[in-house]
Amino acid sequence: MEQSSLEQLPDEILIDICYYLSSYEMLYSFYHINSRLNRTLTHFKHGVHLSQIPSMQFETYCQQIFPSIGYDVHSLIIHNKELAKYQIKLFTSKIELDQIFPYLEHLTLLECDCDTLILYLTKLTLLNDLIELNIEYNEIISVDMQTYLLQNIFLTQNSLIEVSLTSFHGFSLSKLSDSSTKINNLTISLKNISDMFMLFDLIPNIQHLNIHIRYNGPFSKIRCSNLTIKVPYLVDFHLKTTFEDAIQFSELQLLTDNLPTLHSLSIETYTRDLNYVKGNRWQSLLVNLTKLYKFHCSIRLRFVIDDKCIYADDVLTSFSSDFWLIEKQWYVNCYLLNDGKYGKFYLHTVPYVYETFDASIFVNNCESTYFDVNLTYPKVRQLNFDGRDEDLFKSSFYLMLNKFYNIRELKLDRLYIVSNPDDQSVSLHLLPKLIKLSLYTTTRGYINIDFLTELLLMAPNLSSLFISYTELVQLTERLEQISHTFRRIYQLEVLACREVRLNDIKLLSKIIVNLRWIKFHVKNIERTFSDGLFVCDVLNCFKSLTTLEIACHGSCTKMKALERNINSLLKDSRFFAEYDGKSLVLCVQ
């Protein structure tokens, strides 16, 4: 029988084979075999995500593959938190972005430290094809570092057109002067409203603007009657506020009166201003935007129940005028939640267009001006659910969760599931895109393990899990049912309120075999991790582990002592321990 080689296969079959492998496995295995295979693999060279490269192949990529394929790479993602320190050091020492990837168009920097950010920011003017830059940074950035970062983006001669700068604490623009940037699409986190008005002066060519205000006030500038904003090309504006009352409704109206070119307006806010749930006030704001054809909002109103009464029927009536239902055909959905002294009123336009949704079980009781109250939320990627420690039937929870079938992240807080004879009447739909699940404990005990097992079975692609130590150990009793799901998990955070036992760790290491990153949150470091030897045993159990973190607040002296103890034990190991003031981090050198 005649045998055929890989090279004899037609391109179509080769490409089909490639789709069964990751792009990194293909390049590592087939690149440089011959020129024909190199051409066939061209499509798979355009995008590089460093953290998806197998750790054993990382050095080969830096020294051999990247220098060969760099001219074809158009997109690069660097996620420091998912890379070992030795990988970051190796990449930054071997790879000059402007020389290895000269035609880079899209650069994403996630959780990079300040030194890494500075290194790449100096390359912006040298990457002539770079049109998109995304930076996500959740640690506190010094004022000087913020200024340096923003100056390199807004005040230097670069090719950037689309920029995303997101930070948990927000950026301050107080030290920036006028710019002539070409940026026309910007997403940015800012500290307060004043920074937003400074920003308008920096981006005269902006067309699409997405702003997240992280903190309250000050409002002095927005209250000025002679307010002028010069953004003549702005057609798409999204404003999100995190803290209550960051911007009053009257101030929002003053702002939008200065944006007459808008085609699309989107507002997400937390507030105590009742005007945000009055359809007539919104109508008076929107009617002045004569070019506007798209409007979305998500309003979360908190009020003191003794002072005010809000009725869903009254709110819906105010959004039921001819302007809303006939002229614009804009519809709203709402529900009311009484939580002791305070009430919360949720209002959003239909369809819901935002990626994050804060929910309670009352989502099942929504009222709407839309003809179909059984709405789904296909655009939601992160669902935060608060069960409020109240009895909740599994069928009711599944009815709610089935509305969010495209979520990638699910956070469950104070969830207490109880049995109900009708629980079998509603089944949970598959959640194929769910990759991160966080389970926060309830004050009434632990999460129902039968329910949790069912939930895990419906998440076949889960890769990140936050869970209490007790519940994690209980899940090992369901090994036959959930072993397949656990094999895919490579990030694990564990809330350990009691001593962690080595036998439990050994069992978990046989189930979660591909774990690369684990973090323990502990209350008492001596009670949980008795000494450095135990930490070393944990490292030895998980063979694929590249990072182990231990977080314990208020134990700085003890954590530093543990750091010294571990490093003395690991002096011949590939791991190194370092305490950064928050967590003790052990990672591959």
Side-chain angles (χ1 to χ4, degrees), residues 109-114 117-118 121 133-156 160 162-179 181 183 185-204 206 208-224 227-231 234 236-256 258-259 265-273 276 298-300 302 354-356 358 582:
L109 305 173
L110 305 175
E111 304 292 348
C112 290
D113 55 48
C114 288
L117 279 177
I118 291 173
L121 288 173
L133 175 66
N134 301 302
I135 297 177
E136 182 179 314
Y137 196 94
N138 289 325
E139 298 297 325
I140 296 176
I141 308 178
S142 68
V143 174
D144 290 341
M145 181 61 200
Q146 282 193 47
T147 302
Y148 180 80
L149 186 156
L150 295 170
Q151 284 177 340
N152 274 273
I153 293 172
F154 291 108
L155 305 184
T156 60
L160 292 173
E162 184 172 347
V163 173
S164 176
L165 300 172
T166 57
S167 165
F168 182 78
H169 298 279
F171 292 95
S172 176
L173 307 182
S174 57
K175 292 190 175 183
L176 293 186
S177 58
D178 292 347
S179 76
T181 179
I183 296 171
N185 190 331
L186 175 64
T187 296
I188 189 168
S189 305
L190 299 175
K191 283 193 180 298
N192 54 48
I193 293 294
S194 293
D195 292 310
M196 179 175 68
F197 287 95
M198 294 178 193
L199 178 66
F200 284 132
D201 294 332
L202 293 173
I203 48 175
I206 197 69
H208 307 276
L209 182 58
N210 184 336
I211 296 177
H212 187 173
I213 305 294
R214 290 292 187 176
Y215 297 101
N216 284 348
F219 307 127
S220 55
K221 190 166 185 178
I222 198 171
R223 286 177 175 162
C224 295
L227 177 67
T228 56
I229 301 172
K230 296 181 180 179
V231 282
L234 183 62
D236 180 11
F237 181 50
H238 171 72
L239 176 63
K240 179 178 180 178
T241 65
T242 298
F243 282 84
E244 286 182 347
D245 303 329
I247 181 169
Q248 295 293 313
F249 191 87
S250 58
E251 295 162 342
L252 176 65
Q253 187 157 10
L254 183 59
L255 169 63
T256 56
N258 282 266
L259 304 174
L265 175 65
S266 170
I267 304 294
E268 289 182 271
T269 191
Y270 294 78
T271 186
R272 290 176 296 177
D273 186 347
Y276 275 98
S298 176
I299 311 300
R300 185 171 175 177
R302 185 172 70 97
Y354 307 108
E355 292 192 350
T356 303
D358 296 328
K582 295 180 180 180

Can you name the nearest heavy-atom pair linking [X] to [Y], along with the distance?
X: Ser172; Y: Leu150; value: O-CD1, 3.6 Å
X: Leu149; Y: Leu121; value: CA-CD1, 3.7 Å
X: Tyr276; Y: Ile247; value: OH-O, 2.9 Å
X: Ser194; Y: Asn192; value: N-OD1, 3.1 Å
X: Phe171; Y: Asp195; value: O-OD2, 3.7 Å
X: Asn185; Y: Ile206; value: N-CD1, 3.7 Å

As a quick check of understanding, evaluate side chain to side chain contact (heavy atoms under 4.5 Å, CB included) for Ile229 and Leu259, giving each step before the final call.
CA-CA 7 Å; Ile229 301 172; Leu259 304 174; 4.2 Å; yes

Just wondering, do [Y] and [X] contact through their side chains at under 4.5 Å, heavy atoms?
X: His212; Y: Thr242; value: yes
X: Val163; Y: Asn134; value: no
X: Ile188; Y: Leu199; value: yes
X: Met145; Y: Ile118; value: yes
X: Leu190; Y: Met196; value: yes
X: Glu268; Y: Arg300; value: no

Indicate whether the side chain of [X] and that of [Y] have a donor and an acceptor atom separated by less than 3.5 Å.
X: Tyr354; Y: Ser266; value: yes
X: Asp358; Y: Tyr270; value: yes
X: His169; Y: Tyr215; value: yes
X: Ser167; Y: Ser189; value: no

Rounded distance (nearest 0.5 Å) linking atom [atom1] of [X] with atom [atom2] of [Y]:
X: Arg272; Y: Gln248; atom1: CZ; atom2: CD; value: 8.5 Å
X: Phe154; Y: Asp201; atom1: CZ; atom2: CG; value: 12.0 Å
X: Ile153; Y: Tyr148; atom1: CD1; atom2: OH; value: 11.0 Å
X: Leu186; Y: Ile211; atom1: CG; atom2: CD1; value: 7.5 Å
X: Thr271; Y: Asp245; atom1: OG1; atom2: CG; value: 4.5 Å
X: Met198; Y: Ile193; atom1: CE; atom2: CD1; value: 12.0 Å

Leu255/Phe197 under side chain to side chain contact (heavy atoms under 4.5 Å, CB included): CA gap, chis, key distance, verdict
CA-CA 10 Å; Leu255 169 63; Phe197 287 95; 4.2 Å; yes

Matching residue for Leu239 among Ile267, Leu209, Thr269 - test: side-chain contact (heavy atoms from CB on, under 4.5 Å):
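Between Leu239 and the candidates, side-chain contact (heavy atoms from CB on, under 4.5 Å) is satisfied uniquely by Ile267.
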
Would Glu162 and His208 count as a side chain to side chain donor-acceptor pair (under 3.5 Å) if you check the C-alpha gap in whole Å, the side-chain angles of each, and the deciding distance to 0.1 Å?
CA-CA 9 Å; Glu162 184 172 347; His208 307 276; over 6 Å; no

Given Leu252 and Thr256, is the side chain to side chain contact (heavy atoms under 4.5 Å, CB included) satisfied, shown in steps?
CA-CA 6 Å; Leu252 176 65; Thr256 56; 4.2 Å; yes

Using the rule given for side chain to side chain contact (heavy atoms under 4.5 Å, CB included), can you reason through Leu165 versus Tyr137, listing the C-alpha separation, both sets of side-chain angles and the distance that settles it, and then say yes or no?
CA-CA 8 Å; Leu165 300 172; Tyr137 196 94; over 6 Å; no

